[in-house]
Amino acid sequence: MEYNFRAIEQKWQAWWRENKTYKTEIDNTKPKFYVLDMFPYPSGAGLHVGHPLGYIASDIYSRFKRQQGFNVLHPMGYDAFGLPAEQYAIQTGQHPAVTTARNIARYREQLDKIGFCYDWDREIRTCEPDYYKWTQWAFIQMFTHFFDTQAQKALPISELVKHFELKGSEDVAAHCTEVLNFTADEWNAFSEKEQQEILLNYRIAYLADLKVNWCPALGTVLANDEVSEGVSIRGGHPVEQKVMRQWSLRVSAYANRLLNGLDTIDWTESLKETQKNWIGRSEGAEMKFRLKDTNIDIDIFTTRADTIYGVTFMVLAPESELVKTCTTPEQASAVEEYLDWTKKRTERERQADRRVTGVFSGSYAINPVSGTEIPVWIADYVLAGYGTGAIMAVPGHDSRDYAFARHFNLPIIPLIEGCDVSEESFDAKEGILMNSGFLNGLTVKEAIQKTKEYIVEKGIGQVKVNFRLRDAIFSRQRYWGEPFPVYYKEGLPYMIDESQLPLVLPEVDKYLPTEKGEPPLGRADNWRTDEGYQLELSTMPGFAGSSAYYLRYMDPSNNEALVSKVANEYWRSVDLYIGGTEHATGHLIYSRFWNKFLFDLGLVCEEEPFRKLINQGMIQGRSNFVYRIKDTNTFVSLNLKDQYETTPIHVDVNIVHNDQLDTEKFRNWNPEYKTAEFILEDGKYICGWAVEKMSKSMFNVVNPDDIVERYGADTLRLYEMFLGPLEQSKPWDTNGIDGVHRFLKRLWSLFYRDGQLLLNNEEPTADELKILHKTIKKINFDIENFSYNTSVSAFMICVNELYSLKCSKKAILEPLVVLLAPFAPHIAEELYRICGKNGTVCDATYPVHNEEYLVESSINYPVSFNGKVRFTLTLPAGLNKEELEKIALQDDNTIRHLNGAPIKKVIVVPGKIVNIVH
RNA sequence: GCCCGGAUGGUGGAAUGGUAGACACGAAGGACUUAAAAUCCUUUGGCUUCACGGCUGUGCGGGUUCAAGUCCCGCUUCGGGUACCA
């Protein structure tokens, strides 16, 4: 019997399906383990070979944990709402639901071929009403809650209303968009409309006029993490700033908890670092600068309170409300001109063009500490959205202020002893203060502290922590997303009743904005409540559906709740989450926020959703090239190309094997090459190669189906792991896959050769036991450390050694098969049966190594001279230092190497090495 | 600019401070075969030597150590993230 991977894999995939091998239920007799993959967006292109990398890694871990006796939850689903399906719908008129379903079917077919142990009964699709009902439901909860800054948690908005009724805005500890002041009497006298408007200022899901990232090409606003360098991440379209009334989530309220929570989870340092930077906590001081001859204060935020004596001007963001106040009649036209100009600039222009620009407002402010009079400027290097939208400029010690001061000829005062500010500012937070009144002689650190105390004491400021993290804009002017459970009455938003959920996405005639410029839902017939109120026209963004999906897997068909208490308390949180690093500032922030919110409401029992997280590296493409001789249809092999003038041309990597071109296939690949001629080397056409992005246009996309067809799923799984460390980016190179396939064939040949079953019941020798147990030890260690590439080599070494011993003993091979099962489940299942077992190998107990078999009777000692190894000595284990030294020094080789030189020192490390210093 | 990763043969990559290059691909040679595929065996960092062996070698320059790919300092370079965040 040959290793017939096609028959074996089909057989076991069918068997697993029929026997519901991967069905998971709550089982209180077993410890749980939750392994999750970041679910894919089902694109039209299907899976390429890079996608399954993380899925295979998590699959191995799931199977390993199951064999260790855990009850493993390992689900899969689809992040099915999104822009590409909608863009496709605009082009073709096909309903995105149709194309999405088709893409999902294709994904499923591809996934099934790889032999994953997903419990498909738990599959979710974010675009299904049964699923997005809970996304809408969560949104309603966010609307009806506010964030109490004292308690640091979400509380019902009704409690805030109670507070307003009794005390007005006094002593309110609620995270808000802007600080409001009103008395209880005023509150009670407000109209319903006024009250509702005020409450929006506090709700966790709120509607507000915001400066947003507007992407005209996509016809929608985008969140900060969906924009990079002034263009949209999806599609690369320009993004501009625009004020619009939008739904937002008060993520910033959770900034502190999002930051602190990082210390409690097992994520890579680099990912935590990225999140820390994104959250951007900075501790500083807020200070009031009085506008000269007025009673108006300008609030500024600074982390360098110590530099207060070096402030030579102030800058307001162009959008600041104080711009009007500060602008004098003489400067009015110049200021207006500047504001017009900044308004017209897109975010991209602003970022690309770092010229120093700004305008003097005409006003002066008074430094509250030194009493100095300083000019107030307006410039767009100060951002309205951060801090107070105004700064005190210290050109001596801030490079942006320095550039500004130089450009407009404003004074620069050095504040640190010995610093040179003639060419550039001194930004480092170190040194001894000078020119700074009562701060002179202090270190920067001491001075910051002292200034803070001083301003608090004098009532000119307060200590303040600022976060960079912004609230998440939650509206998209698009069709293919979750409808908001919102209707409007007199221009104010209200939630539809929870009993009305899900609010199902309506049909539209076209997936484009209306003539009036409303979002596509404006085209839907009767998009109103039963009472006739207009429903919200925007839909939710991509991250809405992915923010709590891990909870839904725990209890996917529950109609009463997002997740039942029982299911949540059993499965708790994700123990291992594997996915790409590109979600560091989007999904992984939003779902942590969402989970914390649900935690505050007592709906989930764990505050952090993902206990351990691993980022699999990106699989890059490896392109192949052929070299066409200029103006001909003749192609020259790689190593001969320098003799001609050639043009490199991308060639489909699927017609190249080990860099050798299949010239016949090449002729058929494209009619243009039908008559191609080749100049060969050694009878072969060798292609050049380069590592590039995996994409259709580079002809380097490799489809997992093709690999499965040619080598089988087990080979694909092993090979993806064998490529290199999981977390490292690496090019996909099919060269080398033969080695992994050969390994499986060789393993098979320990059982069957030339049609003969070799498997026997003979007693294993000590050597054979040592090989097995050494492998068990190594594999267990490697799996726990996610070092799957070295596991695969360990399996190869094991099989090679057993092969050379001609070992076909069941006592050795059966545990080996169980050990291999997480990596190559199909062949393992088949061989397990050949060993005479009945159940599935998935439930076979994972082997544990026995140290007794690993004891070495002799040790190979390298003997080195001045650290250079010259020869080795094979000596019995258990010799002590003195014995080892004596033997080594007496050895002929030692005498020869020393050649009479005196010995200075001998280092002996028992079990390791002997080093002779001379 | 800042932050985080990398850099080891022709290639992918191994190596708790202790024999650098495990394992695999590729290449070369050989066995089997009418032939090919498959399989098996041998060699394979570079230089040098008939050979034993020697020299050299983990991006570059220093250092610590009996011993450095591994630790420390200073660079070079390639990826990734982030960017007027005061």
Side-chain angles (χ1 to χ4, degrees), chain A residues 2 228-229 268-274 276-278 280-282 284 300-304 307 315 317 350-351 354 356 379-383 385-394 397-401 403-404 427 466-470 581-582 584-585 615 617-618 620 622 658-660 682 689 691 718-719 722-725 727-740 742-743 745-746 749 753-754 787 789-798 800 803 860-872 896 904-909 911-918:
Chain A
E2 294 265 292
S228 180
E229 299 188 3
T268 58
E269 278 313 308
S270 69
L271 186 58
K272 286 188 189 182
E273 198 61 32
T274 304
K276 274 181 199 165
N277 291 340
W278 189 258
R281 182 182 194 274
S282 61
I300 60 94
F301 175 75
T302 180
T303 53
R304 290 295 303 273
T307 59
V315 186
R350 181 164 161 168
Q351 286 184 359
R354 286 294 173 84
V356 176
D380 72 353
Y381 83 91
V382 172
L383 304 177
Y386 185 76
T388 58
I391 61 154
M392 63 178 213
V394 186
H397 302 279
D398 181 289
S399 48
R400 296 155 302 185
D401 298 342
F404 195 84
D427 289 13
N466 254 316
F467 291 95
R468 198 187 84 116
L469 185 68
R470 295 277 82 91
T581 177
E582 67 273 20
T585 54
N615 291 122
M618 254 199 339
Q620 298 149 303
R622 184 182 188 275
N658 287 339
D659 290 336
Q660 190 183 337
D682 304 328
W689 61 274
V691 172
L718 285 172
Y719 187 58
F722 188 62
L723 270 179
E727 300 181 70
Q728 199 172 297
S729 286
K730 56 233 159 195
W732 174 267
D733 178 0
T734 311
N735 298 353
I737 196 166
D738 294 297
V740 171
R742 244 169 245 158
F743 154 73
K745 283 204 269 194
R746 187 169 260 213
S749 77
R753 205 170 315 157
D754 304 328
S787 176
N789 55 329
T790 51
S791 304
V792 179
S793 348
F795 279 122
M796 288 172 167
I797 293 167
C798 178
N800 286 346
Y803 187 88
N860 210 9
Y861 278 97
V863 180
S864 56
F865 294 80
N866 292 342
K868 285 182 187 177
V869 177
R870 291 304 173 192
F871 63 95
T872 59
R896 183 168 57 83
K904 285 190 190 141
K905 196 172 177 183
V906 181
I907 312 281
V908 180
V909 184
K912 288 278 184 218
I913 199 166
V914 177
N915 187 19
I916 297 164
V917 186
H918 60 91

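Each chain gets a letter, A, B and so on, in the order the sequences are listed, and its residues count up from 1. Below, each value reflects all heavy atoms present in this structure, side chains not excepted, and no hydrogens, waters or symmetry copies. Predicted, not measured: the structure shown is a model, and the values here were computed from it.
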Exercise for the section: Name the nucleic acid region contacted by A:Phe743, choosing base, sugar-phosphate or nothing; use a 4.0 angstrom heavy-atom cut-off, strictly under. Expected result: nothing
Exercise for the section: Would you indicate what A:Gln728 reaches in the nucleic acid, counting non-hydrogen atoms under 4.0 angstrom: base, sugar-phosphate, or nothing? Expected result: sugar-phosphate
Practice task
Indicate, with a heavy-atom threshold strictly under 4.0 Å, whether A:Leu383 touches base, sugar-phosphate, or nothing.
Solution key: base
Exercise for the section: Would you indicate what A:Pro725 reaches in the nucleic acid, counting non-hydrogen atoms under 4.0 angstrom: base, sugar-phosphate, or nothing? Expected result: sugar-phosphate
Problem - Any A:Arg746 side-chain nitrogen or oxygen under 4.0 Å from OP1 or OP2 of B:C40 - result: yes
Practice task
Round to the nearest Å and state the distance from A:Glu727 atom CD to B:G80 atom C1'.
Solution key: 14 Å
Practice task
Take atom CZ of A:Phe871 and atom C1' of B:G18, then tell me their distance rounded to the nearest Å.
Solution key: 16 Å
Exercise for the section: For the pair A:Ser864 (side chain) and A:Ile916 (backbone), establish whether a donor and an acceptor sit closer than 3.5 Å, ignoring hydrogens and angles. Expected result: no
Practice task
Report yes or no: is there a donor-acceptor pair, N or O only, under 3.5 Å between the side chain of A:Lys730 and the base of B:U11?
Solution key: no
Practice task
Could you summarise the pairing of RNA chain B as dot-bracket text, marking Watson-Crick and G-U pairs under 3.5 Å with ( ) or [ ] inside the strand and | across strands?
Solution key: (((((((..(((.....[....)))((((((.......))))))((((....))))..(((((..]....))))))))))))....
Practice task
Using only side-chain N and O atoms of A:Lys904, determine if any of them is under 4.0 Å from OP1 or OP2 of B:C66.
Solution key: no
Exercise for the section: Would you classify A:Val909 as touching base, sugar-phosphate or nothing, given that sugar-phosphate means primed atoms plus P, OP1 and OP2, and contacts are heavy atoms under 4.0 Å? Expected result: base
Exercise for the section: Considering just the side-chain nitrogens and oxygens of A:Ser270, establish if one lies under 4.0 Å of OP1 or OP2 belonging to B:C3. Expected result: no
Exercise for the section: Record whether the side chain of A:Asn915 comes under 3.5 Å of the base of B:C66 through a donor-acceptor pair of N or O atoms. Expected result: yes
Exercise for the section: Could you tell me whether the phosphate oxygens of B:A14, OP1 or OP2, come under 4.0 Å of any side-chain nitrogen or oxygen in A:Asn789? Expected result: yes
Exercise for the section: Give a yes/no answer on whether the side chain of A:Arg742 brings an N or O atom under 4.0 Å of OP1 or OP2 in B:C23. Expected result: no
Problem - Sugar-phosphate, base or nothing in reach of A:Ser282, heavy atoms under 4.0 Å - result: sugar-phosphate
Practice task
May I ask you to say what A:Val382 touches in the nucleic acid, namely base, sugar-phosphate or nothing, with a heavy-atom cut-off under 4.0 Å?
Solution key: base
Fill in the blank from the handout: Glycosidic torsion of B:G45 (syn if within 90° of 0, anti otherwise) classifies it as anti
Practice task
Could you check whether A:Tyr803 gets within reach of a base, just the sugar-phosphate, or nothing at all, counting any heavy atom under 4.0 Å?
Solution key: sugar-phosphate
